[in-house]
Structure formats: C-alpha cells, structure tokens
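Please read the structure below before turning to the comments.
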Amino acid sequence: MTKVGYWNITLEEMLEAGVHLGHDTRKWNPRMAPYIYAKCKGIHITNLTRTARFLSEACDLIFDAASRGKQFLIVGTNKKNKAAASVARAAIRARCHYVNKKWLGGLLTNWYITETRLQKFMDLRRTRRFKRLPTRLNRELSRLKRYLGGIQYMTKLPDIVIIVDQQEDQALKECLTLGITTICLIDTNCDPDLADLSIPANDDTIVSIRVILNKLVFAICEGYSIPPFRT
C-alpha cells in the first residue's frame with residue numbers, strides 16, 4: 001500500500017473512488033496540465049501522486065491550524081447537490097462552520113450584515129420557543145435556517161475556508177479579497193493558481209468528494225483533539 005505521511009492517504013483508495021477522473025478533454029483549463037497524467041477515452045486523468053502530495057500538505061496545514069484553535073468554514077452548495085449532505089456531516093463532526101445550500105453574496109465581505117442576519121435568526125428561534133410565530137416570520141426563520149444554519153455559531157470571519165468546488169467563485173473571490181486562507185478541490189477544468197492550496201481531484205462524484213473530506217476532517221479532529229468520524 002502506498003501511503004503519504006500520517007494521514008493514511010493511499011493511491012489505491014483514491015483510484016477506487018474515482019478521484020483521478022477528470023472532465024472531457026475539450027473542457028479543461030491548460031493551467032491544469034502539470035496535474036494531468038494522461039488522456040483516456042476522451043477524458044483527462046489526474047495524476048494521483050500529485051493529489052496525494054497536495055492533500056497531505058493540506059492535512060498538515062489544517063492540523064497545525066486546528067491545534068492553534070483556528071476556525072474553519074467548509075463550502076459546498078447546491079451547485080453540487082450531491083456534496084451538500086457530505087459537507088454538512090463533515091463540518092458538524094469536525095466542529096466546523098459550513099455553507100451547503102446557497103452562498104449569499106457578501107457573506108464574508110459584508111460580515112456586519114451577516115452578523116445582523118444571524119442575530120435575527122437567533123432572535124426568531126428564541127421567540128418561537130415561547131410563543132407561536134406568524135406565518136410570515138415562520139417563513140423568514142425557515143429561510144434563515146436554510147442559508148445560515150451552518151454558520152449560526154460563527155462569531156468572526158473564519159481563518160481557513162475549504163471549498164469543495166472551485167466553481168464556488170463568489171466564495172473564493174470573497175476569501176481572496178479578505179486574505180482568508182483557502183483550500184480548494186480542483187478538477188481538470190479549474191485554475192490551480194487561485195486558491196492558497198489546491199488539491200487536484202474529481203469534484204463531481206460523491207465518493208471522490210467523501211474521500212478528500214474524510215482526510216481533511218480527520219486532520220481537523222486530530223488538531224482539535226476530538227474523536228474523528230467518517231463522512
């Protein structure tokens with residue numbers, strides 16, 4: 001078995017999960033050339049040796065940050081419906097914040113507005129415990145829970161944002177604007193130079209996403225010294 005460092009990253013596991021499967025060769029970003037191993041039946045094949053290397057580096061970074069009490073935000077919205085549930089489970093088990101429905105514009109760059117929305121969410125939840133809410137407020141509470149439920153306990157900007165799909169361009173842009181460290185899964189149609197640390201991987205299938213998230217979550221749990229779970 002080929003392993004990378006402490007994180008038990010195996011080429012066999014990634015191969016079985018289809019982490020190496022990229023996009024149609026006609027739909028690729030030339031900047032991904034260094035991360036592509038070959039072409040097969042009209043699709044690009046990602047170099048899993050490089051994936052293992054960058055995933056290991058991401059785990060090292062995350063472990064160090066978590067051991068120093070840094071806060072994480074995991075992002076994977078409805079652009080990847082199949083990833084939404086895994087993103088929520090991974091974040092909850094690693095005691096992280098998450099966004100898995102829709103990225104609201106200005107979520108981070110207009111943090112003071114987000115804080116106002118979060119306060120409104122908490123106030124409505126508190127009020128509902130003691131009295132029946134009008135239909136209008138119930139609808140508002142449901143909407144706030146849907147879009148802000150994963151960050152309801154986030155009291156400041158995150159230190160590191162993990163993005164499951166680089167096509168979450170708004171989230172990535174806001175992190176770049178604010179100088180927040182980003183770790184991003186990149187498929188063969190992505191730009192590897194945008195995130196601080198890019199992990200070449202298939203971001204279209206739930207099995208591939210789970211394999212990557214499992215390693216990252218394990219590193220966070222180790223850093224926080226909490227029992228890790230599999231997503």
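Taken to the nearest 0.5 Å, the CD1 atom of I74 stands 11.5 Å off from the CD1 atom of I163. Atom SG of C190 is separated from atom CG of L185 by 9.0 Å, given to the nearest 0.5 angstrom.
Between the side chain of S67 and the backbone N or O of D64, at least one donor-acceptor pair lies under 3.5 Å. With hydrogens and angles disregarded, no donor-acceptor distance shorter than 3.5 Å links the side chain of D187 to the backbone of G22. N100 contributes a side-chain N or O that, together with a main-chain N or O of A84, makes up a donor-acceptor pair within less than 3.5 Å. In this structure, S198 contributes its side chain and P192 its backbone to a donor-acceptor pair below 3.5 Å. Not one N or O on the side chain of N202 forms a donor-acceptor pair closer than 3.5 Å with the backbone of V19.
Within a 6.0 Å sphere centred on CZ of R68, heavy atoms belonging to other residues, nucleotides or ligands number more than 12. With a 6.0 Å radius and a threshold of 12 heavy atoms from other residues, nucleotides or ligands, R139 has its CZ atom at or below the threshold. The environment of CD in E16 is sparse: at most 12 heavy-atom neighbours from other residues, nucleotides or ligands sit within 6.0 Å. More than 12 heavy atoms of other shown residues, nucleotides or ligands fall within 6.0 angstrom of atom OH in Y224.
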Give the C-alpha distance, both sets of side-chain angles, the deciding distance and a yes or no for side-chain hydrogen bond (donor to acceptor under 3.5 Å, both in side chains) between D196 and T182.
-> CA-CA 5 Å; D196 293 290; T182 52; 3.3 Å; yes
Worked check of side-chain contact (heavy atoms from CB on, under 4.5 Å) between D159 and Q71 | CA-CA 5 Å; D159 299 292; Q71 296 297 304; 3.8 Å; yes
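For K120, the side chain to side chain contact (heavy atoms under 4.5 Å, CB included) partners at least two apart in sequence or on another chain are L124, E140, L144. By the side chain to side chain contact (heavy atoms under 4.5 Å, CB included) test, T109 pairs with E174, T177, L178, sequence neighbours left out. For T46, the side chain to side chain contact (heavy atoms under 4.5 Å, CB included) partners at least two apart in sequence or on another chain are T51, T188, P200.
Using a 4.0 Å cut-off between charged nitrogen and carboxylate oxygen, D123 and R126 count as a salt-bridge pair.
A cation-pi arrangement is absent between R117 and F121 under the rule of less than 6.0 angstrom and at most 45 degrees off the ring axis.
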